[in-house]
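Chain letters run A, B, ... following the sequence lines, proteins first, then strands; residues in each count from 1.
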Amino acid sequence: MTHPSLSTRDLTIRFGGHTAVNAVTCDFHPGELTVIVGPNGAGKTTYFNMISGQLMPSEGTVEKDGLDLTRMPASTRARHGVGRAFQLTNLFPHLSVLENIRLAVQAQSGDGRRFFTPVTRLTELAAKAERYLEATRLSDRADMPAAALPHGDQRKLEVALLMAMEPDIYMFDEPTAGMSLDHAPDVLDLIAEIKHDHTKTVLLVEHKMDVVRALADRIIVLHNGELIADGDPGEVMSSQIVKDVYLGNAGELT
Amino acid sequence: MKTLGPMIEKAGGVFLLPVAIAILAFVLIGAPSSWLTLTVAGLSMGLMLFLMASGLSLVFGLMDVLNFGHSAFVSFGAFVAATVLAWLGGWVGADSIFLNALALIAAISAAIVFGAAAGWFFERVIVKPVYKDHLRQILITMGALIVAEQLILATWGGTPTNVPRPQFLEGAIILGGSSLEVYRLFAFIVGVVVYAGIYFLLNKTRIGLLIRAGVENREMVEALGFRIDRLFIGVFMLGSALAAVGGAMWAGYETLITPALGAEMMVIVFIVVIIGGLGSIQGTLLGAIVVALMQNYVGFLAPKLALASNMLLMMAILLWRPSGLAPAVK
Amino acid sequence: MSLLSIRNMDVSIGQYAVLHGLTLDVPEGGVFVLLGRNGAGKTTTLRSIMGLWDRPAGSVTFRGEDISSLHTSDIARKGIAFVPENMGIFGGLTVAENMVLATANGKFDPARLKRVYALFPALEQFWNKQAWSLSGGQKQMLAVARAIIEPRDLILIDEPTKGLAPTIIHGMGEAFKDISQSTTILLVEQNFAFAKSLGRDMAVIDDGQVVHTGSMADFAADTALQDRLLSLSMEEGA
Amino acid sequence: MNRTMNRTLSVKIIALTVWGLLLFSPFLFQDVRQVEVAARIAVFIVLVASYDLLIGYTGIVSFAHTMFFGFGAYGVAIALKQIGPGWGAWTLGTLSGVAVSIVVAILIGLLSLRVKAIFFAMITLAAASVALVLASQLSQFTGGEDGMIYSAPDLLKPSTKLLTDAEGDVLRIFDVRMNGKIAAYYFVFITCALMFWAMLRIVGSPLGTVLKAIRENEGRAEGIGYRVVAYRTAVFVIAATTAALAGAVYATWLRYTGPDTTLSFAIMIDILLMVVIGGMGTMWGAVIGATLMVLAQYYLRDLMEVASRATEAIPLLPELLSPDRWLLWLGIIFILLVYFFPAGIAGTIIRGRTK
C-alpha cells in the first residue's frame, strides 16, 4: 500500500487518573475509508479530538504526510488538510447556510484575511460555495439561517462545511446520530461520494452496523481506550474478541 | 486536614508571592521602619479589599454570574456606615470604649443589612433574568451600577462626606520607629475574622458544602434535593453584605468619602479577582494582599505609578496563569 | 399500577426533537433496562424524569402523582435518585462530604451506611479522600452509594459501565442486584451483556420513542429482534 | 426573505438620511451649537460603529474604547500644543496616537483574548481606568484634569477666510460664511464618512463573516481553520485604530482635549447606550444610536432643566428631573433596553416584531 497519509504513534491521553486513550498506533491511507467502532466510552471521540486538535495528547504523536501535527492548534491542522465534522451539530446558527459554507471555502482559500473587498465581488468564492451547496442539495435553503434548518439538513450542512474545506483527511463522528432512518441515506450518499474519489483518507466513527457494512474498507475497534482489532470488515466483525467486547461479554471472559 | 497537604504543597508556590513582594520591597525601600508601616498598611488594606472582592468571586464561582455592579455595594456600605456614625456622633466621640464600640457595631450592622437587602434586590430584579447570557449580564449590571451611583449621588450629594471615627480607633502605636495606625490594625483583625468565618462556613458547615458542591455541579446538587436558586440568593446577599462591610471599613480608613468611591474601588477589586482567580476565597485573599502590598510599596516608591503597577502585575500574572493564581477547581 | 409512567413526552433541543411522544411504564421492583442506539434519547428520558429540561411536554407520573411540573429538588425529595452519565461527583469534596450531602438531614442512618460499606468497601477505605482522586470505578461506586444512602423508591442510573474495566463492571452488577431487592432501578445501558444479566423488564428507545417493551428474558432470546432494534449483532457482516 | 431585505433597506434609508442631513447641516442649521451637535454626531457614529465591530460582530465586550479614543485625541492635542499648529504636527500627533493604540491593543489582545469574555471586559475596564488616572496625573504632558487648549492647523481656524468676496471679506453662500469653521466641519464630516464607509466594507468582506462566525461558534471557527485569537486581536486593533482616528478628528474640531471629552467613563457609557439603542451587529444602527443619543444629550437636558423648575413645588420630583440626574435616567433606560429590546432599533426593524 501507499505511504500513510495520517498516522498516530502511541497516542495517549489521561484525564486525572483515567487513561481515556492508551497508546494507539495506527496508519491511515489515501483512498481508504476506515470505520472506528467500539462501545460507548471506548475513547473514539477522544481519539478524534486528538487528531483534529481539540485535545492535546499526554503522549504520542500525530503525523500527516510526515508533518508532525501533535502540538498544532486545531486551526493550523485544518489548514494542513485535516477536516472534521462533529457528533453534535456544530454550526454557525445565525448565519445563513450560504455564509456557513462560504466560511469554510474562504478558510481554505485564505480569503478570510481579505478585509476590504466586498464578498459580492469575490465571484470565485461564491461559485465554489454554490458548488458545495448544490453537491449537498441545500441550494434552495441558501438564505436560511442554519438554526432554522430541520435537523437532517443541519447534518448535511455539517458535511457540506467539511467538503468545502477540501481536506485530505475527512473525519466524521457519527454523522447520522439522531437522524431518522429516512434522512440518513442523504448524508451517507455524500460520504460515499467522497470515498469514491479514491484519493481521500476517510475516518468514520459509527454505531449503526448497516452503515459500517455499506461503507467500510477497514474497521478498527477501540475498547477502554485501546486498539484491540484492526482489519478488513469481514475479518474484524467475525472475530470473537470483537463480538465479546461489543456485546459486553468481555467481562465474563476475563 | 491530611487531605489538604498535597493541595498546599501544590499551591504553596503561589501563596508565597506576597512574601516575595515584601522582601523585594524591603530591599528597595531600605528603611525598615517605613517598610513595616507600609507592610502593615498593605496587609490591612488587603483584608479590606478581600471583603469587597470575596462576594464577587463567590457569586461568579457558584452561578457563573459576573456582577459589574458589585462595587455599588461597597459604596452603599461606606455611606450607610458614615451616616449611622454621624447620627451617633455622641457615642462616637464619647470617652467610653463601650459607647464607641456600640456606635461602630451599629454602623457595621447597618451596612450589612443594607448590603444584604440591596443584594437581594439586585439578584431578583437585575441579574436573574439574564443568567447564562454573559453579554447581556455585563451590560445590565453595568447599567445597574450607573443607576446605583446616581442614587448615591442624589442621596448623599457630590461633596465629600466626613466619616467620624470612633475614639478608641484613633491614634497610632509606635513600634521600633514605625507608626502603626490603630485603625489599620483593627481593619486587619476584622478582615482576618471574616476570612476565618467564611472559611469555616465553606468547609465546616452543610451550607458551605452545598456551596462548594454547587460551584462544581449545580444540576447534581438539585438532583440531590436542594434548591440551588435559593442557595444562590443567599450567597449573593452574603457577598453584597461583605462588600458593604468592606465599604464601611474603607470609609473609616479614608475618613473622607465621595460617591466616586465605588468606581475607584471597582477597578482594584477587578484586578484582585483576576489576579487571585475567580471563584475561590483563598485566591481572592491572595490577590487582595498582593494588590494592596503593591499599591502601598509602589505608592511610596513612585506614587504616580501605583495603579499602573497593579495593572502591569495583572498582565504579567495573566501571561503566566491565564485564569489567575488560585482559581476554583471546576 | 406502575411505579413511574411517562406519557407523550416531547423534548426538543433547539430545532431537534429528541423525544417525540415517548410513553413508558416502569413497574415497581427489580431492574428496568432502557436500551437503544447512541442518540436515541435514553439520557434525555432520564433527565426529563428528573425535571432537568426547561419545557418538556407530556406527563410524568410517580406513584400516581404528576411530577412533571415539579422542581428537580422536589422530584428528588419524592424519592427518586439520579446517577448521571458523568456520575456528578463533587471532586473537590471528600467521599464523606459527598455522602453527607446525599442525606436528607446531614446524618447517616448507621444501618444504611453499613450497607454502603458492605457493597463498596473501597469507599470506606477512601472515606476522607477527595473524590477527584478516586479511580473511575470508585467514582461510579460513590455515585451509586449517594443514591442509596437514603431510602428511595426509584434510582435512575445512566450508563454506569461506561469506560470501566470488566472486573469492576462485574462488581457493579452484583451491587445492582442487591440494591434492586429493595429499590426499583431504571438503568440506561449500552453494554448488552450487563443489561441482560440484570434486567427483569426492558424497553428499546429509538428516535425518541419506545419501539419495543417487554421482559428481558424474551428479548434476550430473540436475536433477530435484537439485531433489528439495536444493530448490535455483528455476525451477519462475516 | 424579501421582507427582511425591505426592512434592511429602510434602516439604510434612515441612516443615509442622517448622513445627508449631516452633509448639509451648516446650511440647514445656522446656529453654532447645532453645527457643534452635527460634528459630534459624525464623530460618535464612527466611534460607535467601531465599537460595534467588537461587541456586535465579534462578541467582544471591551470597556477600553474611550481609552483608544483618548490616545488619538491626546496625540493630536499634545503635538499641536508642543509643536504648534500645523499639518506636520497634526500628522505626527495622529500617527503617534494610532501607534500607541495599536501597541496597547495588541498587548491587551494577545494577553487576554484567549481567556473568557468576562475576563476581557474586566481587564479592559482596568486598563481604561489606568489610562484615565495617568492622564490626570502626568499633567505636564496632558494638562491633567483641566486638559489642553490649542490651535488647529491654519486651514481649520475660525478666523481663516476660505473664500473671499470682492471686498476681501468672507464670502457667504446661502448666508453661510465660508471661513475656517466650515472647513473644520467638512474636515470632520469627510473623515468620519470615509471611516464609516471603510467599516461598512470591512463587515461586508470575507473578514466580516469570519468575525460573525467567531461570535456564533468560536470552537467551530477554529475547527475550519481560523486562528480565533489572531482574528480577535486583529479586529480589536482595527477598532482601536478607528477609535484613535476618531479621537484625533474630534480633538482637531474641539481644539480642546481633556479627560471629560475623551477618556472619561461617562463617554464609555454613552457609547454603550448608542450601540444598544442603535442595534448591535448592524453597523447602520450606529448612525441611529449615535444621532438619537447626541440629540438627547444636547436637547433633553434642557428639557429636564425646564421640567425640574416647573415641578419645584413638588418634593423629590425636581431632584429626579434635574439635569444632574441625567445619568440616572440613562442607566434605567439602558437596563430596560437590554431587557426588552436587545436588538436595538435597527435590529428590531430588520428582524421584525417576531423573534
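If you measure heavy-atom distances from A/R121 to chain D, the contacts under 4.5 Å come from the side chain alone. For a residue to count as touching a neighbouring chain, one of its non-hydrogen atoms must lie under 4.5 Å from one of that chain's; by this rule A/R114 touches chain D with backbone and side chain alike. With a 4.5 Å cut-off on non-hydrogen atoms, D/A221 touches chain A through its backbone and its side chain both. Heavy atoms of A/S52 lying under 4.5 Å from chain D are absent altogether.
For D/F63 and D/F120, the ring centers sit 6.0 Å or farther from each other.
Classification of D/R232 and D/E218 as a salt-bridged pair holds, one side-chain N sitting under 4.0 Å from a carboxylate O. A salt bridge is absent between A/E193 and A/K200; no separation between the charged side-chain nitrogens and carboxylate oxygens falls under 4.0 Å. A salt bridge links A/R9 to A/D27: at least one charged side-chain nitrogen sits closer than 4.0 Å to a carboxylate oxygen. Under the 4.0 Å criterion applied to side-chain N and carboxylate O atoms, A/R141 and A/D153 are assigned as salt-bridge partners.
No hydrogens or angles considered: nothing links the side chains of D/Y51 and D/S62 as a donor-acceptor pair under 3.5 Å.
Of the candidates A/M171, A/K44, A/E206, A/K44 is the only one forming a side chain to side chain contact (heavy atoms under 4.5 Å, CB included) with A/I36.
Using cut-offs of 30° and 60° on the angle between ring planes, the pair D/F68 and D/F71 is perpendicular. The aromatic rings of D/W19 and D/F189 stand perpendicular to each other, their planes meeting at an angle above 60°, with 30° marking the opposite boundary.
With chain D as partner, the option from A/E99, A/H94, A/R102 having the largest number of non-hydrogen pairs under 4.5 angstrom is A/H94. Between chain D and the options A/V119, A/L103, A/T76, A/T117, heavy-atom pairs under 4.5 Å are most frequent for A/L103. Of all the listed residues (A/A107, A/P167, A/A78, A/G83), the one sharing the greatest number of non-hydrogen pairs under 4.5 Å with chain D is A/A107. Here A/L91 is the residue among A/L91, A/L162, A/L125 with the most heavy-atom pairs under 4.5 Å with chain D. Of the listed residues (D/E216, D/R215, D/E222), the one with the most heavy-atom contacts under 4.5 Å to chain A is D/E216.
Contacts between residues 196-204 of chain D and chain A, counted as heavy-atom pairs separated by less than 4.5 Å, involve D/W197, D/A198, D/R201, D/I202, D/G204.
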Could you go through A/T70 and A/T61, starting from their C-alpha distance and side-chain angles, then the distance that decides it, and tell me whether this counts as side-chain hydrogen bond (donor to acceptor under 3.5 Å, both in side chains)?
CA-CA 5 Å; A/T70 316; A/T61 56; 4.8 Å; no
